[in-house]
**Q** 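Following this message is one structure expressed as structure tokens.
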Amino acid sequence: MLKLIINSETRLTLLSFFFRQTADKYYAREVAKSLNLDQANVHKELANLVKGGFLATTVVEGKKYFFANPEGQFFDELVSMLKKYNSSNAGEEIFCLEEMPNYYPLFTSPGWNAHMAARFSEFYGFKASLRTLVTIFQNNFCQLLTAKEDFYELSREIFESVKTDSGWRERYIADLGDRAAQLYKAAAKLKKTNLKALSDTELADVFESFFQIYQDLHLLHIPQTVLDFGDGTFSKYLMTYLDKKVKAAGLSMGDTFSTLTTPLESSRSAEEYRALLLILKEIIADEKLKQYFSLTESRIIALEINDVSRPIATKLKKHVDEFGSLGYGMVGPSWNLEYFIDILSSLIRQKIDPDAALREIENNRLNIEKHQRELEKKLNIDDKHLGIFKFARDLVFTKGSRKDAMFNAIAVLENVYREVSRRHYLSLRQVRYLNPSELIQLLRGHSVSAELLNERFNFSIYYSSTKIPSDLFLFGEKAQTFIAKLNIIKEEIADVKMLAGDCASPGRARGEAKVVNVIADMAKMKVGDILISIATTPDLVPAIKKASAIVTDVGGITCHAAIISRELGIPCVVGTKIATKVITDGMLLDVDATHGKVDMIGKD
């Protein structure tokens with residue numbers, strides 16, 4: 001119908017392009033390239049559309065830009081009509097699932113790869129699969145996108161297995177544990193390997209073998225992702241089941257849900273703190289050593305500790321080896337000796353009693369377990385849902401343990417990347433912007449352009465689909481043109497004064513907002529600030545410990561923010577979708593995590 005009314009295929013294509021995002025501005029050559037149209041014809045039709053009042057123009061730095069004319073007589077009607085037209089003609093809808101800093105191809109390509117996703121679905125017998133996966137890299141930030149229909153189809157199928165098949169639940173959790181153990185074992189072996197003694201071919205073989213083990217674990221993120229992201233299917237199901245029971249019992253949904261989904265197993269972070277408290281206990285037993293840690297700079301202690309106390313030095317070295325990678329995140333560095341010494345010195349100055357702290361940790365675990373049993377009885381949770389809530393706790397625990405194993409592996413892999421960097425005259429960042437097969441090919445005699453790797457960092461797209469024979473990795477204008485043709489759903493943000501999300505850890509706090517996405521952002525955090533992040537990662541833990549509350553764009557009950565906030569007892573709201581887009585540093589917030597609400601007090 002629109003074709004008959006507008007009477008020109010080119011004109012209709014141009015209108016649908018401009019009215020997809022009415023605020024965007026484009027110059028004529030950019031439009032022609034994006035739509036693969038004849039440039040002369042585009043110029044002619046753009047002039048006609050301006051003359052008819054459908055488009056308007058503006059000049060910026062001598063270049064004329066075209067955009068949808070909001071003052072046009074038929075603007076509202078065209079927005080409505082072309083929205084329907086674009087929806088019916090644009091192909092599969094693609095949406096952004098997560099946006100994170102510091103993600104790079106050597107990390108994302110194994111887990112965000114349609115062919116690997118198909119392998120996952122085949123392994124577990126699922127008909128649905130993530131058949132189209134898109135990764136956009138831009139100046140150290142990365143967007144992970146997927147086809148909406150595929151995502152929710154797979155989510156429904158996995159969710160059905162979670163609800164009805166206890167055998168599948170047990171198998172999946174067991175697979176996560178087994179593969180994490182295999183990766184730790186492989187990482188320990190790789191860590192001891194003298195990489196300099198290997199030829200390029202031998203180094204390629206070592207990397208390929210190790211990366212396969214890493215990829216086997218990374219691939220198991222899929223159930224955690226489709227159940228926890230998007231519409232939060234799993235969390236909503238559990239909350240719906242609890243709703244009437246919680247209201248009848250006069251309880252809080254936030255407190256109840258948080259308690260029933262908190263795992264009883266100790267995370268690696270909890271194990272690290274417990275081990276550090278045991279070292280603290282030995283230090284404060286020696287008054288002289290206690291004073292030394294209390295009054296001496298951490299950097300000096302790190303230099304002198306071997307001479308001051310050999311037993312403590314040995315224990316600290318072991319602690320760094322065992323737990324340092326917890327702080328590595330995506331790009332490092334790992335927590336080092338000076339970091340842990342600084343924590344110990346702070347604990348001494350705070351007069352922390354290690355025995356009391358250890359008892360409190362164990363009592364908290366016992367109290368949570370007791371409270372879980374009480375709630376299960378009080379709410380009369382049936383056997384089926386007892387099993388599903390157990391799986392929820394297992395899912396939370398294994399999401400953390402999977403990432404701990406992966407970050408440990410990535411920290412060890414840095415040694416490989418640095419060796420490749422040294423041999424082939426690339427920076428560490430450039431090596432990370434190879435994909436795994438390219439790194440292997442480089443070591444087996446192929447060449448790679450450093451300029452290309454820099455372009456990938458600046459702006460690039462990795463498009464993986466089972467519908468095409470091989471994945472695409474485009475950069476620059478080619479990437480821009482390719483993205484313009486995708487039907488990517490863009491979230492419209494109106495004037496927002498309150499955010500809603502999910503309660504990850506109950507409680508309430510008021511304070512100044514600080515947006516913290518990367519390590520460099522942590523310097524602005526003060527004790528009592530409210531930490532706002534796209535999604536927290538282990539390398540942000542020092543800032544998290546200062547926060548009175550945490551608010552994230554993405555995540556559900558298994559995300560890092562949910563796990564760490566429960567461990568530290570910090571109120572946390574996850575899954576707000578737009579917190580980092582509407583909240584700025586210094587804004588006064590009131591976070592009611594128990595009810596999943598964030599009131600932006602400081603916004604007029």
**Q** Show the nearest heavy-atom pair for residues A450 and L426, with the distance to one decimal.
**A** CB-CD2, 3.9 Å
**Q** Check step by step if side-chain contact (heavy atoms from CB on, under 4.5 Å) holds for V416 and F210.
**A** CA-CA 11 Å; V416 176; F210 180 82; over 6 Å; no
**Q** Begin from the C-alpha positions of L144 and Y103 and carry the test side-chain contact (heavy atoms from CB on, under 4.5 Å) through to its verdict.
**A** CA-CA 10 Å; L144 300 175; Y103 280 17; 4.0 Å; yes
**Q** Between D228 and Q224 (side chain of the first, backbone of the second, donor and acceptor by atom type, cut-off under 3.5 Å), is there such a pair?
**A** no
**Q** Is a side-chain N or O of S267 found less than 3.5 angstrom from the main chain of A270, in a donor-acceptor match?
**A** yes
**Q** Could you grab the distance from atom CD1 of I410 to atom OG of S325, nearest 0.5 Å is fine?
**A** 10.0 Å
**Q** Evaluate the side-chain proximity of D394 to E265: yes if any heavy-atom separation is below 4.5 Å, no if none is.
**A** yes
**Q** Calculate, to the nearest 0.5 Å, the distance between atoms OG and CZ belonging to S266 and R274 respectively.
**A** 4.0 Å
**Q** Sequence neighbours left out, what passes side-chain hydrogen bond (donor to acceptor under 3.5 Å, both in side chains) with T584? Give chain and number order.
**A** none
**Q** What's the separation between atom OG1 in T576 and atom CD1 in I534, rounded to the nearest 0.5 Å?
**A** 10.5 Å
**Q** How far does NE2 of H560 sit from NZ of K399, to the nearest 0.5 angstrom?
**A** 10.5 Å
**Q** Please round to the nearest 0.5 Å and tell me the distance separating atom CG of L453 and atom CD of E451.
**A** 10.0 Å
**Q** Are F473 and S460 close enough that some pair of their side-chain heavy atoms sits under 4.5 Å apart?
**A** yes
**Q** Any side-chain heavy atom of Y184 within less than 4.5 Å of one from D404?
**A** yes
**Q** Taking only residues two or more places apart in sequence or in another chain, which ones pass salt bridge (charged side-chain N to carboxylate O under 4.0 Å, His left out) with E122?
**A** none
**Q** Please tell me if the side chains of S121 and L154 come closer than 4.5 Å, counting only heavy atoms from C-beta onward.
**A** yes
**Q** Over all heavy atoms of both residues, which pair between R119 and D216 is shortest? Give the atoms and the distance, please.
**A** NH2-OD1, 2.8 Å
**Q** Just to verify, what does V206 make a side chain to side chain contact (heavy atoms under 4.5 Å, CB included) with, not counting sequence neighbours?
**A** L190, L198
**Q** Among residues two or more places apart or on two chains, list those pairs meeting salt bridge (charged side-chain N to carboxylate O under 4.0 Å, His left out) that have a residue in residues 175-198.
**A** R171-D175
**Q** Applying salt bridge (charged side-chain N to carboxylate O under 4.0 Å, His left out) as the test, list every pair that has at least one member in residues 413-435; sequence neighbours left out.
**A** D200-R423, E414-R418, E414-R432, E419-R422, E419-R423
**Q** With the side chain counted from C-beta on, respond yes when T466 and S129 share a heavy-atom pair under 4.5 Å apart, and no when they do not.
**A** no
**Q** Mark yes or no for whether S464, through its side chain, and D471, through its backbone, hold a donor-acceptor pair below 3.5 Å.
**A** no
**Q** Sorted by first residue and then second, give each ring pair (Phe, Tyr, Trp, His ring centres under 6.0 Å) pair with at least one member in residues 430-452; sequence neighbours left out.
**A** F137-Y433, Y433-F457
**Q** Under the side-chain hydrogen bond (donor to acceptor under 3.5 Å, both in side chains) test, which residues partner S437, sequence neighbours left out?
**A** N435
**Q** Taking S345 for the side chain and I341 for the main chain, is one N or O donor matched with an acceptor at less than 3.5 Å?
**A** yes
**Q** Under 3.5 Å, is there a donor-acceptor pair between the E92 and N487 side chains?
**A** no
**Q** Can you measure from CG (L395) to CD1 (I173) and round to the nearest 0.5 angstrom?
**A** 5.5 Å
**Q** Hey, do the aromatic rings of F66 and Y26 have their centres closer than 6.0 Å?
**A** no
**Q** Is it true that F211 and Y214 have ring centroids separated by less than 6.0 Å?
**A** yes
**Q** Test your reading of the model: is there a side-chain donor-acceptor pair from R402 to the backbone of L217, 3.5 Å cut-off?
**A** no
**Q** What is the minimum heavy-atom distance between H221 and G111, and which atoms define it?
**A** NE2-O, 2.8 Å
**Q** For P105 and P436, which heavy atoms make the closest approach, and how far apart are they?
**A** O-CD, 4.4 Å
**Q** Can you tell me if CD on E477 sees more than 12 non-hydrogen neighbours from other groups inside 6.0 Å?
**A** no
**Q** Do the side chains of R444 and D205 get nearer than 4.5 Å, heavy atoms only?
**A** yes
**Q** Tell me, please, which residues at least two apart from E297 pass side-chain hydrogen bond (donor to acceptor under 3.5 Å, both in side chains).
**A** R299
**Q** Is a donor on one side and an acceptor on the other found under 3.5 Å between the side chain of T193 and the backbone of L195?
**A** no
**Q** How close do I461 and A479 get, counting heavy atoms only, and between which atoms?
**A** CG2-CB, 3.7 Å
**Q** Can a donor-acceptor pair be found, under 3.5 Å and without considering hydrogens, that links the side chain of W112 to the backbone of T146?
**A** no
**Q** Enumerate the residue pairs fulfilling ring pair (Phe, Tyr, Trp, His ring centres under 6.0 Å) with a member in residues 313-336, sequence neighbours excluded, ordered by first and then second residue.
**A** H319-F323, H319-F340, W335-Y339
**Q** side-chain hydrogen bond (donor to acceptor under 3.5 Å, both in side chains) with D585: which residues, sequence neighbours excluded?
**A** K524
**Q** Could I get the full list of side chain to side chain contact (heavy atoms under 4.5 Å, CB included) partners for T296, not counting sequence neighbours?
**A** Y292, I300, I301
**Q** Taking only residues two or more places apart in sequence, or in another chain, which ones meet T314 in a side chain to side chain contact (heavy atoms under 4.5 Å, CB included)?
**A** R310
**Q** How close do Q215 and M116 get, counting heavy atoms only, and between which atoms?
**A** NE2-SD, 3.2 Å
**Q** With a 4.0 Å cut-off on N to O distance, would you call R268 and E271 a salt bridge?
**A** yes
**Q** Report yes or no: does N113 contribute a side-chain atom to a donor-acceptor pair with the main-chain N or O of H115 at less than 3.5 Å?
**A** yes
**Q** Say whether, by atom type as modelled, one donor and one acceptor occur between the side chain of Y172 and the main chain of L220 under 3.5 angstrom.
**A** yes
**Q** Does the side-chain contact (heavy atoms from CB on, under 4.5 Å) test come out yes or no for L97 and L145, once each step is laid out?
**A** CA-CA 5 Å; L97 199 65; L145 306 95; over 6 Å; no
**Q** Backbone N or O of V331 within a donor-acceptor pair of the N102 side chain at under 3.5 Å?
**A** no
**Q** Looking at E202, I'd like to know if its CD atom is crowded, meaning that more than 12 non-hydrogen atoms belonging to other residues, nucleotides or ligands lie closer than 6.0 Å.
**A** yes
**Q** What verdict does the side-chain contact (heavy atoms from CB on, under 4.5 Å) test give for Y463 and L486, after you've listed the backbone C-alpha separation in whole Å, the side-chain angles of each residue and the deciding distance to 0.1 Å?
**A** CA-CA 11 Å; Y463 181 84; L486 297 176; 4.1 Å; yes
**Q** Checking K25 against Y65: charged group under 6.0 Å from the ring centre and within 45 degrees of the axis?
**A** no
**Q** Does some side-chain heavy atom of Y462 sit less than 4.5 Å from a side-chain heavy atom of L133?
**A** no
**Q** Just wondering, do Y273 and E567 contact through their side chains at under 4.5 Å, heavy atoms?
**A** no
